[in-house]
Structure formats: structure tokens, C-alpha cells
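Values below: all heavy atoms of this structure, side chains included; hydrogens, waters and symmetry mates excluded. Treat the numbers as computed from the prediction; the structure is a model and nothing was measured.
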Amino acid sequence: MPEFREKADVCIIGAGHAGCEAALACARIGLQTVIFTVNIESIAMMPCNPHIGGSSKGHLVREIDALGGEMGKNIDKTFLQSKMLNKSKGPAVHSLRCQADKAEYSRSMRMILENQDNLTIKQTEVCELLLEDMEDMDTVSENSSADGKKCHNGQNKKIAGVKILTGGIYECKAVILCTGTYLNARCLCGEAITYTGPNGMQSSTHLSDALKKAGIVLRRFKTGTPARMDRRSIDFSKMEEQFGDERVIPFSYETDPEDVQIRQESCYLTYTNETTHDIIRANLDRSPIYAGVIEGTGPRYCPSIEDKVVKFSDKTRHQVFVEPEGRYSNEMYVDGMSSSLPEDVQLAMYRTVPGLENCKIVRNAYAIEYDCIDPGQLHLTLECKHIKGLFSAGQFNGSSGYEEAAAQGLMAGINAALEIQGREQIVLDRSQAYIGVLIDDLVTKENTEPYRMMTSRAEYRLLLRQDNADLRLRKIGYEVGLITREQYEHVCEKKKQIEKEIERLKKTVVGASGDVQEFMVSMGSSPLRTGTSLAEIICRPEFTYESVAAIDKERPHLSEAVIEQVNISIKYEGYIERQIRQVEQFKKMEKRLIPEGIQYEDISGIRIEARQKLAKHRPVSIGQASRISGVSPADISVLMVYIEQKR
């Protein structure tokens, strides 16, 4: 019987948010790419809350866009409501959040994929990885594999292709695993268990065994989602209406701001109460989470309502946001009440919430368990440490969230493409991007639960603001091949205008004349005692760049984006300079590289736990080694002395 065979450069397994970005990156860089999905209808699906962005996640979307990814552009076309969060706080934590039209977001992304040159979509299940022994021994390291064979950068196997369920073979040079929550997935709603992926989609049941056979260590995680309600059964008059911003700011730097000034849909806020909590407590024995049925570890920062009631027993109520799933859909998402309780308990529980007394459930809440990788097996490029050409991204790496998945997918796609082309791969460090923080945390730290991005995880967040992602990352996107010359020149011109205007403001001095003094008093500020630069006046809390226009006679016409950067740069100059000095120290540690073949068991001054952790993670630098859980500053000092002695 003849065998079906195809050739490609890259195979992407999974078409969620990670898979879409990975596939588009590879195809746009010029590689023949195939993306596999168990169901084409699941492309860029939002099985949980249909929103993009939010605290810290908005930063990731802006960075994806700055590098040439698609998520920001797609949400700009398909959002229902947009809001800039944390506006009462400093610019470092401002984060854009958009409620998406779930069906339109998926449909729009699918259209992008279907019309992308070099990209083929294939609906089938991948069941096996095809591997070959490494042949290139010219750059062999001193590391040894378990069977005694020497490895290429620790890699003793390389990708040759994938096999699909029908028996067909796709030969390729790289594979990117973006399986999300589909591997050996099972959904739980009380006593009812279905062996499906999210939203009742077919799960992937064959690939886990193949990955284990290839030496990849898997673990079991869980996540969950709340019920969807029929809009017609909800009494919104008992809830607080939540509106979007009057003036919408787009996610993508390529979106015309006027194109996103649309009619927005409202969201609604309500609360649980003690009656809700009593029903939950009385039925905990029927919750798979507390009955010991669920094996996987759930996300700490997105707990089920059962977890909230048990772990925060002092709270008399919890917030519940009721949000639309689509402009032309009656389904409403009950954010804050994910659950795995049985259907009858769910209905009783939800009907105690103000506004939901007569609610009708369209889709029950459920928990989902799935296989994922221990990301400590990955390099910072997201390539597997012992299989050349095998990359992974998204929830399969133990993260949670659409934005975290898309960011990893983009970086895995870029690095797979660069490796195939023989170009240097890209690693964003913690001082360059939230994406760098995300990947470094996943690969370096021991995460025992689904990882969620937060602004507090970024040490240099004043530099890594969502408003300056293009200034930080556009050049990298251009060098990779995902940003056009015109786009790159535009951001270079923007940077010049910012620098020129800041310099002008520092040099422009206004005297203590009557008109100026009158203006200062009218703004609630103290009068000037002597000539003062406009930059110094803007530094005062009561002033902004825009508000000093009355005494700035030679002000040039600038875009809103340039004005925003000028204002932030001047008002926070001292803090920014301090953080830049901190980054310089960080860079010194990151540049102190650790020899690839170092044998940690030979370093007697390091504690046993630290030796084991260092041998497991194989950090590339002293900086990365210092962030590994269980490695103390004393261990780092001994390691640095050992490396210097060896030199």
C-alpha cells in the first residue's frame, strides 16, 4: 500500500493562540509551514473568557505586535469593549484590556491563516514525532546523554518529521508543540467526566505517549471555566453597568485609532453572598477538586469559586463580572465563578447571585485536566534541550492565558525559522520585554502550577511599559523579517522626535514674568522664583506636557504617541535613570556565561540541592543560575570562583 508523504520546513501541532502566532511567524519569514489541528473550527478559539489583554497581559500583546505578531491587530478588528486598566496609577502598570467577540476573533484569525503565503492548514491528529540520531559531530559538546553517546549542545536526537493518525508522514526540519489543553484532556462537571478537550472539542490521545517515548517529561495541570448564561434570563438592573473607555486606544501600532471608535457593549458587575457560599460548602464533597478526582494542579491566580470560598472564608462576597461573548450571541460569560460542581449545584449557586435569580445555563461550568511539559527541559529559545528542532509554546509549557501562549508561540516560531535558516536565534532577556520575563520564569524557575504573567514579576517594569513596546522591540522584529522597512523607519523617526522634544523642553527657560506667575497660580502651583525650564515645570505633579502649552510659545505639532513618551520620560526621569543603572548590573551577570560542559558534581563548595538544580536546568549564565529556585547567593559565589579558576 503506497505511503502518503509530504515535505515542509516546519510543522506546528495545534492551532490555538500559540500555534497561530508560531505558524504566521514561520510562514512570513519564508518557510513552508503546515499547521495541524484536530478541528479547524478551534483555530484561535477562546474556550475561557473571551478577552485579550488586562493587567500585564496587555503588555504582552503590545510586545507581540511590536515584533510583528498578529494578536493585537486581530483584537482591534473584533473587540466589543475596550478599557485601559490602572489609569489612576503610574504608566508602568497601565494595561489595555478588550472584551472580544469570541466567534469573530476566531473567524478573523482563521481567515488570516488561510490567506497567508507559505502556510497550509491540515485538520488531523498528530500521533508521533519522527526522530533521527544527531550526525553532525563537528560542534559536539562534552555533555553525555544517558546512553553514553555525545550530544550536540546536549541534543542527541533531531526532528525528522511527524506522523499523523491516518499514517501519513510529514518530513520537516522543525516541530513546534502548541497543544494547549488538548493532550489526554478530560472535562469534569461534578460526577460527569467526558474525555474531550475544551468546549467539547476532540482531545488528542496519542501524542502524549510518543512524547514520553522521546524522553520528554510530562505532568498534569488543570484549569477551568464558568457557566455561560442566556442573556434573556438575566436581570441587569440589579447589577452595576461597566462601560468601556470613551476614547479607545488600539492594541496594534498599525491600527488607525479612528477605526476602533465603535459602539461598545456593556459588561456588568455583581457579587456572590453568604447564601452562595453556603450552597458551595454544603456540596464540596461533590466537587471533583475536593473529592480527589482531579489529579492536576490548578492556577493559583485564577481559582474556582469553590477554592475562593474555602481559602478565603473570611470574605462575605466575591466579585462576579457578567460579560458578553459576542455581539450577535446571547451567551454571557460569568467571570469569577469557574467551577466543577455538578449541574444542579451550579444552577442553585448561580441563582443566589443578584441579577441571576432566574438565569438559564447555556453551557455548564467545568474543570479540564491535560498533559503538559515541564519547561525546565527547554532552552531560553523554547527549543528542547535534548531534541534538536523540537520547540514548544503556550499552555503546553505550563502557562495559562491566551496572551502568554501567543507570546511564546511567536518566539518559538521565530527561533525555529532562524535555526533552519542558519541564523542566530533570539532570546529576549528580563530587561528587554515582559516576554523575556515570561520565558525566563518558565524555563528557569520551578513552577508547580499554571504560570500567569503579572506586572510584579517584571523587575524593570518602569522601562517595560506597554506604551513603549515599539521603541523597545521594533528593531528586533525588523531584523528577524516580520517588520517592514517602512514600519521600522516610522519608529526610528518617532524616537528622534521624542529625543528632540525632550532636549528642547530642557533648554527652553521661562522667566518669572507676571503672565507666567499668573498661569502657575491658576494651575494650583507655587510661583517661580527664577527662570525655570519647561521640563522642570512638567516634573511638578500638577502639570503635564499638554498643560504647559499656554507658556510654551514654540511648541511643535507632535503626534499623541510622541507626546505620551515625552511626558512620561520627563516626569519619571529620575526613576527611569535609576532602573537603567539596575539593568546595567543585571546585564553584567547575564554576560558572565557558564561553560557549556561544566560538571556541577565536581564543585564541592556548592550545596547538594544547588548542584542538582544547576545540573537539571543547565543555565547559560550566572544571571540565569541565580534565579533558579534552591540556588543561594553563596552557591553563586562558589560557582563564579570555580569558573574563574578553570579559565
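- A donor-acceptor pair is defined here as one N or O able to donate and one able to accept, closer than 3.5 Å; no such pair exists between the side chain of Asp230 and the backbone of Val362.
- Counting all heavy atoms, side chain and backbone alike, His59 lies closest to Gln466 at CD2-N, 3.4 Å.
- Ser400 places a side-chain N or O within donor-acceptor distance of the main-chain N or O of Tyr451, the cut-off being under 3.5 Å.
- The structure places CG of Asp76 at 12.0 Å from CE of Met71, a figure rounded to the nearest 0.5 Å.
- Contact check for Leu119 versus Ile35: side-chain heavy atoms found under the 4.5 Å cut-off.
- Once rounded to the nearest 0.5 Å, the distance linking CG of Leu380 with CG of Leu442 reads 10.5 Å.
- Looking at every heavy atom in both residues, Thr381 comes nearest to Gln425 through CG2-OE1, 3.8 Å.
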Side-chain donor-acceptor distances from residues 490-500 under 3.5 Å, at least two apart:
residue, atom, partner, partner atom, Å
Glu493, OE2, Gln497, NE2, 3.3
Lys494, NZ, Asp470, OD2, 2.8

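- The residues Arg430 and Asp441 are annotated as salt-bridged, a charged nitrogen and a carboxylate oxygen being separated by less than 4.0 angstrom.
- Between Asp245 and Lys83, none of the side-chain N atoms (NZ, or NE/NH1/NH2) sits under 4.0 Å from a carboxylate O, so this pair counts as no salt bridge.
- The number of heavy atoms from other shown groups lying within 6.0 Å of CD (Glu424) does not exceed 12.
- For Ser304 and Ser339, the side-chain atoms include no donor-acceptor pair closer than 3.5 Å.
- Inter-residue side-chain proximity for Arg474 and Tyr478 is flagged as unmet; no heavy-atom pair is nearer than 4.5 Å.
- Between Met201 and Tyr182 the shortest side-chain heavy-atom distance falls below 4.5 Å.
- Applying the 6.0 Å contact sphere to NZ of Lys173 captures no more than 12 heavy atoms from other residues, nucleotides or ligands.
- Under 3.5 Å, the side chains of Asp429 and Ser431 contain a donor-acceptor pair of N or O atoms.
- A donor-acceptor pair is defined here as one N or O able to donate and one able to accept, closer than 3.5 Å; no such pair exists between the side chain of Ser266 and the backbone of Phe243.
- Nearest heavy-atom pair across Pro354 and Tyr271 is CD-O, 3.2 Å.
- Asn118 places none of its side-chain heavy atoms less than 4.5 Å from the side chain of Leu31.
- A cation-pi arrangement is absent between Arg62 and Tyr434 under the rule of less than 6.0 angstrom and at most 45 degrees off the ring axis.
- Asn364 CG to Thr225 OG1: the interatomic distance, rounded to the nearest 0.5 Å, is 11.0 Å.
- A distance of 9.5 Å separates CG of Asp101 from CE of Met46, quoted to the nearest 0.5 Å.
- Looking at Glu404, its side chain does come within 3.5 Å of a backbone N or O of Met453 through a donor-acceptor pair.
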Requested in this report: Run the numbers on Arg247 and Glu258 for salt bridge (charged side-chain N to carboxylate O under 4.0 Å, His left out), then give the verdict.
Outcome: CA-CA 9 Å; Arg247 175 73 181 175; Glu258 296 308 315; 2.8 Å; yes
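- Checked against the 6.0 Å centroid threshold, Tyr170 and Phe36 count as a close aromatic pair.
- For the pair Val480/Ile29, a side-chain contact is recorded, criterion being any heavy-atom separation below 4.5 Å from C-beta on.
- When all heavy atoms of Ser252 and Gly72 are compared, the closest pair comes out as CB-C, 3.9 Å.
- Proximity of a side-chain donor or acceptor of Asp235 to a complementary backbone N or O of Gly355 within less than 3.5 Å is not detected.
- Taking the side chain as every heavy atom from C-beta outward, Cys267 and Glu241 never approach each other to under 4.5 Å.
- Side-chain contact annotation: Arg28 with Gln116, donor-acceptor N/O pair under 3.5 Å present.
- Enclosure of atom NZ in Lys475 is not indicated, since only 12 or fewer non-hydrogen atoms of other residues, nucleotides or ligands lie within 6.0 angstrom.
- A distance of 11.0 Å separates OG of Ser106 from CD1 of Ile40, quoted to the nearest 0.5 Å.
- Glu104 places no side-chain N or O within donor-acceptor distance of the main-chain N or O of Thr78, the cut-off being under 3.5 Å.
- Test Ile64, Asp65, Asn415 against Leu410 for side chain to side chain contact (heavy atoms under 4.5 Å, CB included) and you get one pass: Ile64.
- Looking only at side-chain heavy atoms (C-beta outward), Met332 and Arg232 stay at 4.5 Å or farther from each other.
- No side-chain donor-acceptor contact under 3.5 Å links Gln99 to the backbone of His51.
- Checking Glu560, Glu501, Arg465 one by one against Gln565, the side chain to side chain donor-acceptor pair (under 3.5 Å) holds for a single residue, Arg465.
- Using cut-offs of 30° and 60° on the angle between ring planes, the pair His17 and Tyr402 is tilted.
- Summarising the geometry of Leu356 relative to Val334, their closest heavy-atom pair is CD1-CG1, 4.4 Å, with the distance given to 0.1 Å.
- With His94 contributing its side chain and Lys89 its backbone, the two residues share a donor-acceptor pair below 3.5 Å.
- Judged by distance alone, the side chain of Ser42 and the main-chain N or O of Met45 form no donor-acceptor pair under 3.5 Å.
- With Ser569 contributing its side chain and Val566 its backbone, the two residues share no donor-acceptor pair below 3.5 Å.
- At a threshold of 4.5 Å between non-hydrogen side-chain atoms, the residues Val61 and Leu96 do not count as touching.
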Query - side chain to side chain donor-acceptor pair (under 3.5 Å) between Gln264 and Ser82, intermediate numbers included - result: CA-CA 8 Å; Gln264 299 183 61; Ser82 179; 5.5 Å; no
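- No side-chain donor from either of Asp9 and Gln32 sits under 3.5 Å from a side-chain acceptor of the other.
- Comment: Glu265 engages Arg263 in a salt bridge, judged by a side-chain N to carboxylate O separation of less than 4.0 angstrom.
- Applying the ring pair (Phe, Tyr, Trp, His ring centres under 6.0 Å) criterion to Tyr572, with sequence neighbours excluded, gives no partner residue.
- Cation-pi geometry between Arg110 and Tyr105 is not satisfied (NZ or CZ under 6.0 Å from the ring centre, within 45° of the ring normal).
- Salt bridge annotation for Glu369-Lys222: absent, with no cationic side-chain nitrogen under 4.0 angstrom from a carboxylate oxygen.
- Atom CZ of Arg186 sits about 11.0 Å away from atom CD1 of Ile368, to the nearest 0.5 Å.
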